[in-house]
Number of protein chains: 2
Amino acid sequence: MGGRVVVKKASVTLHEVAAAAGVSIATVSRALNGKDRVSGRTAEHVAEVAERLGYRVNLIGRGLRAGSGATIGVVVPVISNPFYGELIHRLEDHLQRRGFDLVIADSHGEVDRERERLRMLVERRVEGIFVVPSDAELSYDAVADTARRVPLVQLDRRVIDLSADFVGVDNDAGIDLAVDHVTSRGARRVVLVSGNDVTSVGRERRAAFEATVRTRSLSREDNIFGEYLLAFGERAAEELLARGPLPDAIIAGDDLVAAGAIAALKRAGRSVPSDVQVTGFDGTMLADVCEPRLTTVVQPFDGLAQEATEALVRRMEDPEAPYVLRRLAPSLRVAESTTPAATH
Amino acid sequence: MGGRVVVKKASVTLHEVAAAAGVSIATVSRALNGKDRVSGRTAEHVAEVAERLGYRVNLIGRGLRAGSGATIGVVVPVISNPFYGELIHRLEDHLQRRGFDLVIADSHGEVDRERERLRMLVERRVEGIFVVPSDAELSYDAVADTARRVPLVQLDRRVIDLSADFVGVDNDAGIDLAVDHVTSRGARRVVLVSGNDVTSVGRERRAAFEATVRTRSLSREDNIFGEYLLAFGERAAEELLARGPLPDAIIAGDDLVAAGAIAALKRAGRSVPSDVQVTGFDGTMLADVCEPRLTTVVQPFDGLAQEATEALVRRMEDPEAPYVLRRLAPSLRVAESTTPAATH
DNA sequence: CTGTTAGCGCTTTCAA
DNA sequence: TTGAAAGCGCTAACAG
């Protein structure tokens, strides 16, 4: 006694509004939601009282009653990667247009964390889930189990042999665009520096590259695989430098790797593109920050977000619908990392 | 009739587990949560049945009962900006350690959207909110109203004259580090290229710069203000080129702006740092992608996330606690954009 | 140790 | 047009 007691002021409920307005909670609910018939006068009165009391609907209460809130979850490997940042940005747009909120979770690229985040989303009873699986194989159990419980769409990457919707870029076409571009500019010795087989994206880009090399009868080179990190791009470039004469072109698995490679090459006194052409993949802001600016395979961010949203909605409406496996065409943005700089 | 009927299989509830296990729902709840005394045998039995039925707790039900779920919300202006990506990453870490999930919302830097996202979080009855206000003045109403309803901590940016907790970097110290560095390397004519007065960060960095210029009796230059975008950095550099002789150093408001400026300078045939030194601010991956690598003021990402989390927890525990206004010291990461390249 | 019961805040019949 | 009441899934008293 004597000390000031801190009161945790609970938030205003329908009951309090009803009491203050002199009507039943049912009437308040109806008045505020406006879908049901309420007399104009009471509706106005209730709205006024609710406003005065600072009432805010409790989405937890509504969600329980309705069976769930209007929420979609997304699990990405690294939110700080600009590629996912951009993708999430677009997803949020499309979802909001349909009245859904987005809950974002980060798996840190770890399978265990991924499983746990998926579980959290299921327990929150989200309406649907987008997931960028962190491992083409090890993510199987968690993703499959989740898909059994709630509408789920794999985005960008997928789990091998999993029966679940997928929306991503056409990696074959993307690699082809890049290789076609550098070879049309005279490259014969072309090396791939890309992600390893842990992700489906890494596998697909590798397979696409090897296939196109055969088709075009380019020389077979020792490609380099690792993680989608700046540091990997640097290490790979250093290895290429150590091997001897540089190839004519480096096809990087993503913009981050390309940026790292370019930095290392320039530090070693080599110049891009005259000593070696370099291409990226994704079309993130990193491509524009590079010097020279990066020629890169641009992902159709908005198209991906839209298709993914549509696939998810379809799945929510009909859990039995056949699985879709949607590949969107990328485009090539040509810049100075493969073409002689403009005169200044 | 005849067509296959799609049944939306509702998820398993406590009741069903209880029925299948031949005990009451209270026992199931206790057994599964393990905090209360239940006989080892029943606990085991219940766990087994729950597992077999694929039971998952419904966080909405629990949340309603408990008064809310264990959720914290965060509203950032642009999730695709690597700075916020990194910050969110760290926040998630600290929160998860305390058992909270993070819901991320994007305001797109628009005050209206920001108000709406804050409202959503309030209606979801999140335990607390981090917000990076999109406008130092226009965000006032929405942020103030939200702070009245739920524990809230402003992060990175703040609203002028608002009584609410704040955690951010010490912009004065940051600008000072940068200016001190370039002047110690001989710069006399130093220009600031930074964000305008829309954000508190823009204001603070500008004021800090002008103050330090006076203190050091550097020449007064026409600084350039705009948005924290790559394109603004480019435009600003072009303007400086058009003005005549370049200054000795450019202090950029963030890494994005610095990267844009460097790109434009190099395109114009100028070299960094020999023609002009350039520094950035934030310490994002962009700084390492630049060529030459960017000397930049590094924000203490993890420290910010930790302090912000602590401030929020404090606010949750005592709504009456005095407001904290916490400024963390940045550090300077020196690289080639201000120092002669190493020999190779 | 276990069951019964009362709600958390909300929406939606069902009556009046 | 409005009110009364049920119940979404869960946990925490309170009995037993």
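Just so it is clear, the model here is predicted, and its values are computed rather than measured. We name chains A, B, ... by the order of the sequence lines, and we start the count at 1 in each one.
- Between B:S39 and A:A66, it is B:S39 whose nearest contact on DNA chain C lies nearer the 5' terminus.
- We find that CG of A:L64 is positioned 14 Å from P of D:dG7, with the value rounded to whole Å.
- Annotation: proximity of residues 12-30 of chain B to DNA chain C (heavy atom, distance under 4.0 Å) is found for B:V23, B:S24, B:A26, B:T27, B:R30, numbered in ascending order.
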request  = Step by step, work out the side chain to side chain donor-acceptor pair (under 3.5 Å) result for B:T309 and B:R98.
outcome  = CA-CA 9 Å; B:T309 303; B:R98 293 168 186 264; 5.7 Å; no

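- Between the CG atom of B:L32 and the P atom of D:dG9 there is a distance of 16 Å, given to the nearest Å.
- By the ring pair (Phe, Tyr, Trp, His ring centres under 6.0 Å) test, A:F166 pairs with no residue at all, sequence neighbours left out.
- Not one side-chain nitrogen or oxygen of A:T42 sits closer than 4.0 Å to the OP1 or OP2 atom of D:dT1.
- Positionally, the nearest nucleotide of DNA chain C for B:G40 lies more toward the 5' end than for the other of B:G40 and B:G67.
- Annotation for B:A311 and B:D165: closest pair O-OD2, 4.4 Å, computed over non-hydrogen atoms.
- With rounding to the nearest 0.5 angstrom, the CG atom of B:L64 is 6.5 Å from the CG atom of A:N58.
- Nearest heavy-atom pair, B:L328 versus B:P300, reported as atom, atom and distance to 0.1 Å: CB-CG, 3.7 Å.
- Distance A:R124 CZ to D:dC10 C1': 15 Å, rounded to the nearest Å.
- Of the options A:S200, A:S107, A:P133, a side chain to side chain contact (heavy atoms under 4.5 Å, CB included) to A:S139 is made by A:P133 and by none of the others.
- Counting heavy atoms from C-beta outward, A:V153 and A:I129 have side chains that stay 4.5 Å or more apart.
- For the contact set between residues 45-60 of chain A and DNA chain D, defined by any heavy atom under 4.0 Å, there are no members.
- Taking atom CZ on B:R37 and atom P on D:dC14, their separation rounds to 17 Å, with Å as the unit.
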task = List the steps and the verdict of salt bridge (Lys or Arg N to Asp or Glu O under 4.0 Å) for A:R326 and A:D156.
result = CA-CA 10 Å; A:R326 194 90 173 76; A:D156 182 53; over 6 Å; no

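- Between the A:E114 side chain and the A:S134 main chain, a donor and an acceptor come within less than 3.5 Å of each other.
- Rounded to whole Å, atom C1' of C:dT12 lies 8 Å from atom CG of A:D36.
- Candidate nucleotides C:dT2, C:dC1, D:dT2 were compared by shortest atom distance to the side chain of B:V38, and C:dT2 ranks first.
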